[in-house]
Amino acid sequence: MNALAWFTPGTHITVRGLRKAFGGNPVYAGFDIDLPKGRIVSVFGPNGCGKSTFINMVAGLLPIDGGEILFEGKTIRETRIGYVFQNYREALFPWQRAIDNIHYPLKLMGIARPERERRIAELVAGFDLKFDLHRYPYELSGGQQQTVSIMRSLAIEPEVLFLDEPFSALDYEMTLIMRDQLQKVLVARGTTAVLVSHDLEEAIYLADKLLLLTRRPSRIAEFLDIPLARPRSPATLTDTEFVRIKAHALELFQTAVRGS
Amino acid sequence: MGLQVKTAWQRGILMAVGPLMLFAIWYVVNAQGWVTPRLLPSPVRTLQSIWTNMAGGGMGHDFWRTLVRTLQAFGIAAVAGVPLGIMIGANAKLYRSIEFLVDFFRSTPATAMFPLFMIIFGLGDFAKIAVAAFAAWLVILFNVAYGVMNARQTRLLAARVMGASRLRIFRDVLFYECLPQTFVGLRTAVSLALVVIVVAEMFIGADDGLGKRIIDSQITFDMPQLYGTILVSGVLGYGLNLFFLTLETRLVHWAGRS
């Protein structure tokens with residue numbers, strides 16, 4: 001057993017002494033953070049600060065050079081995770097219908113069809129779908145494809161969901177709809193989520209906690225609480241509290257960009 | 001619906017315009033004697049020759065033999081090329097180390113190999129099939145490997161993050177990812193196999209086949225039969241291509257759309 005098997009109650013992901021370098025340039029040099037359980041954490045920071053690198057390392061997609069990442073004391077291998085890619089076109093399987101894409105991770109887990117169908121019906125009930133899941137991904141719009149992608153990642157009822165700029169390829173109107181859809185589903189399920197966003201408004205809107213990173217090597221510029229009531233709606237965007245948090249975060253961001 | 005049928009009908013008419021024009025020009029040129037009939041028989045006589053040769057002149061048999069040889073060569077090439085192509089494509093180092101060889105032999109005219117294959121395999125049918133299979137195999141190998149190499153990394157990553165094993169990623173993702181490019185290879189390969197088989201039938205002592213009939217027509221100066229056999233070879237090539245294209249659009253419905 002290692003020392004990290006111990007974790008603070010309420011913490012889901014414990015990161016200690018994380019190190020990562022690309023071609024000799026350190027991106028993370030001894031990075032520590034605790035991410036809360038059942039909450040949405042947005043990661044925001046200057047361009048190239050390693051936001052995506054961070055969630056890819058936590059999600060186990062990218063090897064780390066050193067340090068430890070544990071999920072309530074468990075390793076990534078022992079943890080059920082979901083991952084939503086920015087590029088939904090390249091993440092979905094175009095040879096399968098949308099519904100079969102959603103079935104796939106459950107099939108990998110060896111779950112029999114009746115049980116899979118039961119779970120997916122339950123999942124579908126949580127979304128307001130206005131399209132047919134028996135279509136192929138390329139027959140759907142971008143927003144619909146990303147919805148399928150999110151459903152696929154949630155089908156296995158992940159303990160942690162990672163989202164890497166999930167809406168950055170969508171137009172603004174669709175982004176607003178998708179944010180609300182995502183918020184509704186994540187809050188209803190109480191899933192721990194880590195979201196990378198390059199849009200400060202979106203990062204704050206969705207988050208319970210906002211992780212602001214500095215330029216590389218990345219350190220925590222600030223780990224802010226976002227105490228806005230849920231459910232949030234587009235009206236929240238003009239709420240005085242929202243505007244205040246955003247102004248504060250922007251100030252911290254600018255300081256972070258200017259460097260230490 | 002009505003509009004669709006009408007446009008499909010219109011498209012059919014438009015497609016027929018080109019061939020009909022060709023036959024019309026051919027007819028006029030022949031009727032006016034602008035080209036000596038010894039070199040250019042009338043289209044009617046050519047079609048008549050196809051008809052009589054097909055009915056009792058053994059052309060059907062030749063057509064069948066050429067088709068069978070082409071498919072045998074293609075079959076060998078596909079069975080040997082697809083798995084190996086996947087293996088090569090999945091291993092970047094292996095690919096780099098044999099890329100030049102594959103490219104080199106792919107660029108070497110298959111017909112240049114005829115004498116060598118005759119020495120190795122003799123004058124029988126298998127020499128023809130082997131040389132066509134060799135040429136088709138390289139095309140398939142290259143395309144499949146290329147398809148695997150260019151698989152979308154995000155898709156492989158998505159499968160991995162969902163917990164798919166290496167074997168499952170291979171079977172459930174990589175195989176489908178390279179399917180569009182594989183079909184491009186298969187279609188090119190079958191066309192190439194036909195070319196090589198027809199030429200082989202001309203020059204590697206064949207008893208039958210369209211190539212043999214073409215060379216016989218030339219020797220006996222049977223121009224209607226020569227033209228007719230060329231047209232029938234065209235039908236065979238076009239038919240094979242159309243067959244694979246239809247198969248492709250059915251099986252690889254997502255190609256170019258994702």
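This structure is a prediction, so every number in the text was calculated from the model and none was measured. We name chains A, B, ... by the order of the sequence lines, and we start the count at 1 in each one. Values below: every heavy atom of this structure, side chains too, minus hydrogens, waters and symmetry copies.
- Side chains of A:Arg97 and A:His134: a donor-acceptor N/O pair is absent below 3.5 angstrom, by distance only.
- Between B:Glu201 and B:Thr66, the side chains place a donor N or O and an acceptor N or O closer than 3.5 Å (distance only, hydrogens not considered).
- With a threshold of 4.5 angstrom between heavy atoms, B:Arg168 approaches chain A through its backbone and through its side chain.
- Neither the backbone nor the side chain of A:Pro137 comes within less than 4.5 Å of any heavy atom in chain B.
- For A:Phe93 and A:Tyr104, the ring centers are positioned less than 6.0 Å apart.
- Heavy-atom distances place both the backbone and the side chain of B:Glu177 under 4.5 Å from chain A.
- If you measure heavy-atom distances from A:Arg77 to chain B, you find no contacts under 4.5 Å at all.
- Listed options B:Arg152, B:Arg160, B:His253 were ranked by heavy-atom pairs under 4.5 angstrom with chain A; first place goes to B:His253.
- Interface residue B:Val173: backbone and side-chain heavy atoms are both found under 4.5 Å from chain A.
- With chain A as the partner, the residue from B:Leu156, B:Leu179, B:Val161, B:Val252 showing the most heavy-atom pairs under 4.5 Å is B:Val161.
- When heavy atoms are compared at a cutoff of 4.5 Å, A:Ile81 approaches chain B by way of both its backbone and its side chain.
- Under 3.5 Å, the side chains of A:Ser149 and A:Gln146 contain a donor-acceptor pair of N or O atoms.
- Most heavy-atom pairs under 4.5 Å with chain A, from the set B:Gly163, B:Ala164, B:Ala255, B:Ser165: that is B:Ala164.
- Interface residue A:Leu92: only backbone heavy atoms are found under 4.5 Å from chain B.
- Counting only N and O atoms by type, the side chains of A:Asp164 and A:Gln86 include no donor and acceptor under 3.5 Å apart.
- Shown here for B:Ile214 and B:Ser233, the closest heavy-atom pair between the two residues is CD1-OG, 3.8 Å.
- Annotation: the span from B:Arg69 atom CZ to B:Asp125 atom CG amounts to 4.0 Å, rounded to 0.5 Å.
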